[in-house]
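Just so we're on the same page: letters track the sequence lines, and every chain starts at 1. Every value quoted in this text rests on a predicted model; they were computed, and no experiment measured them.
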Amino acid sequence: MQRLPVCKDGISLDYLSRSSCYLFRCYSVSCTRNLGYGNHEITREIDVEGLFRACTKSEDVKHLHALLTVSGKAKSSFVATRLINMHSYFGNVSLSRYTFDQVLDKDSYTWNSMISAYVRNRQSSKAVKCAFEMLSRTDVRPDFHTFPPVLKACSALIDGTSLHCCILKSGLEWDVFVASSLVHMYCRFGFADRAYTIFKDMPFRDTGCWNSMISGFFQNDNAKEALRILDDMILEGVKMDSVTVATMLSVCAQLNDLLRGMLIHLFVIKHGLEFNVFVSNALINMYAKFGELKCVPNVFDHMHVRDIVSWNSIIAAYEQNNNPYVAIKFFHRMQVNKVQPDLLTLVSLSSCVAQMKDPLWVKSVHGFITRKCWITEDIVIGNGVIDMYAKLGITDSAQKVFERLPHKDVISWNTMITGYAQNGLAAAAVEVYNCMKENKDLKPNQGTQVAILPAYAHLGALRDGMKVHSQVLKENLELDVFVSTCLVDLYGKCGRLSEAISLFYQVSRETSVPWNTIISCHGLHGLGETSLKFFEEMLNEGVKPDHVTFLSLLNACSHSGLVDQGKWCFQVMQQEYEIMPTLKHYGCMVDMFGRAGLLETAYNFIESMPMKPDASVWGALLGACRIHGNVEMGRKASSHLFELDSQDAGHYVLLSNLYANFGRWEGVNEVRSLARDRGLWKTPGWSSIELNNKIEVFYSGNQSHPQYEKILEELGKINAKIKSLGYTPDTSFVLQDVEVDEKENILAHHSERLAIVFGILNTPPKTCIRIYKNLRSELKISIDIIICSRRKEVPDISSVRGMHVQGLAYFGAVS
DNA sequence: TTAGGGTTAG
């Protein structure tokens, strides 16, 4: 229905053609009766006109087509042209072509209609091909109607410029429709200046032409110039119409000018344009971009006619403002209204599912998209599905969809890299990034940098991260707030806090995100006081903290033993900023009390929680029990943990370690066999070091490294040396029931030691050696270790940022 | 009879 021109403004087709409808029904009945005798005939063309108007669905046209074929009328150019149009309105473009091919005396109307039929059904290349076929003929001439639709359809500029030549030859370039279409086409290919030259020289400009130029500048990211053209338009006394208004609403969104947008909304109401479906859709989009969700349902509910774009817009409005549940409600309403979702509906829907993290929705959404074959049709939806799987943590499905994409663009790669990085699989993210760099047709962009930098930060791969930094500087992206925040995070996590701070002060600090980053990385390195100072500065600059800010602060307090300050943060968050604590906030509090040895307080705190504590909360308590050696409390925490999440090997390891510390080996064996029965094994610990652009990974006891013998020899020497300096190994870290000698041996061959020695062997003296260890990832710190035993320097501990205390203890740096 | 310019995307 919506495709029919009479429905353009939402007027019912039935209303317009009630009389014709009656005629069509009578005619059909009489034809069906007479078909066997072959004595019926449509006599007057005016009857055909009425019959076409009576067609309300695809079947009507097919029926009428059959009748006209029987009567021999379908081949006449007059009737065929209408059939071509009617079939194309209902999306049956192949039937349009069939009708077209049957006509012997094709006139310009027939050709123009066929071209428009292709354009109407988005078959651009066929439209252009058909136009060139027409131009090559001598029996028909192109006219004012020929070029506008073809220019709209030009899928490559080469077609556009050759068509421009044809237009010049035919002398049609001053027709206002033709020239406007040229303006539109050149703008579409990014040649706004060329379009403007044509526009300027036009002897007469109608509103449509001004609209083409305004939208042209807007689409070329030049909203300011679009605004200037609008001013010129008003100066020349040309009135804004619904198209101008719809375009200008998008321009306001791009210019970040809500006030102007609202003034246009007033204009819309004053001039009765609010019932135009395009204008209302544009209003919804504008308010959504400004996050003004209050205005959105008002506009939507007042619409008389809603099309698929209206539904998509309101769904996207809530989806983009992190309100997936309301978005889904509108999706259900759309289904109740029997509006079929299209590709863009599903793009928004997959993002909603990603936000809701609802595994039940994932399969039905992916299944629906697959049935429609949309993944092969459009890259955006493929990227959406990858993102959906990645956000739910199902990275292997994301990878499968990614591999099967027929064409991958930069965003597909960025989405895959981000997907791995955000699921803690930084090494996989780096692998994808390296593959991407091998593809010479792809140019990594700002999104790529934002995707890979957190992965490097997570791995502690400072050198690789710095390479990205140099790329950022080359491309003048250092002022981009997303990129620079990632760089602050990278330098911060890798212990280069002074660099992080100087970068931080170069960034725009209007939102909480850069503040959260700088607070968090100081917290990670045990500089909780500094984190609190940054928080104070943030408040002084008038930036509103969010739940992440408080998470970073609580983490900082926890790592620095600032219990009172942590309690203060927890209180301020709720009372002053009305942020309800989540499980993560509770987890941080428990961790903070636990680390400070306040195990009873931590336990009581859990008991007082208004929600059911999850595995991370009990895990924090268990971790604290392990540090402070409280077996009884540890058992309590474990029983809750095993009940909540019996599949996480880490919980078993923690409890087993706790028993081991007290020499309660029967407890150790019990827990270990429990874990084995459930098919759980401890994640092997590994350490890595970056050397000569290569990351070397070491596992404890792994003898496969080519330098293993050399490393072992050097390690023996160092161990002997530090022992002679008075270092006693803390064998309580060895959680196996073996003799003390053997415990020392195990300790001496921990993966981080192997990596450090490899570093010593392969770098010149006084080089800073940076080790990354996977099992301490909850601290997310890189380990700066100064090897004092070899360098004969006593490190000033306060200057060694990002120091891994346990690592330093190994080599006697702290006694 | 046939035509241009507008709204939704990661």
I want to check one thing: is the phosphate of B:dG5, taken as OP1 and OP2, less than 4.0 Å away from some side-chain N or O of A:Lys152? yes
How would you list, by chain and number, every residue that makes a side-chain hydrogen bond (donor to acceptor under 3.5 Å, both in side chains) with A:Asn423, sequence neighbours excluded? none
Respond yes when some side-chain nitrogen or oxygen of A:Ser215 is under 4.0 Å from OP1 or OP2 of B:dG6, and no when none is. yes
May I ask you to evaluate whether A:Gln219 reaches the phosphate of B:dG6, defined as a side-chain N or O under 4.0 Å from OP1 or OP2? yes
Is_stacked (A:Phe278, B:dT7) at 5.5 Å, 30 deg: no
N/O donor to acceptor pairs below 3.5 angstrom from side-chain atoms of residues 193-202 of chain A, sequence neighbours left out:
| residue | atom | partner | partner atom | Å |
| --- | --- | --- | --- | --- |
| A:Tyr196 | OH | A:Arg228 | NH2 | 3.3 |
| A:Thr197 | OG1 | A:Asp193 | O | 2.8 |

Identify whether any heavy atom of A:Lys391 sits under 4.0 Å from a base atom; if not, whether one sits that close to sugar-phosphate; answer base, sugar-phosphate or nothing. nothing
Expressed as a whole number of angstroms, how long is the span from A:Asn276:CG to B:dG5:C1'? 13 Å
Using a heavy-atom cut-off of under 4.0 Å over every strand shown, decide if A:Ser351 touches base, sugar-phosphate, or nothing. nothing
Determine the contact category for A:Asp378: base if any of its heavy atoms lies under 4.0 Å from a base atom, sugar-phosphate if only primed atoms, P, OP1 or OP2 are that close, otherwise nothing. base
Between A:Trp311 and A:Phe331 (judged by ring centroids, cut-off 6.0 Å), do the two rings come close enough to count as a pair? no
Below the 4.0 Å mark, does B:dG6 have OP1 or OP2 next to a side-chain nitrogen or oxygen of A:His184? yes
Less than 4.0 angstrom from a charged side-chain N to a carboxylate O is my criterion; do A:Arg188 and A:Asp159 meet it? no
Sub-4.0 Å heavy-atom contacts from residues 192-206 of chain A onto DNA chain B, ordered by number: A:Asp206
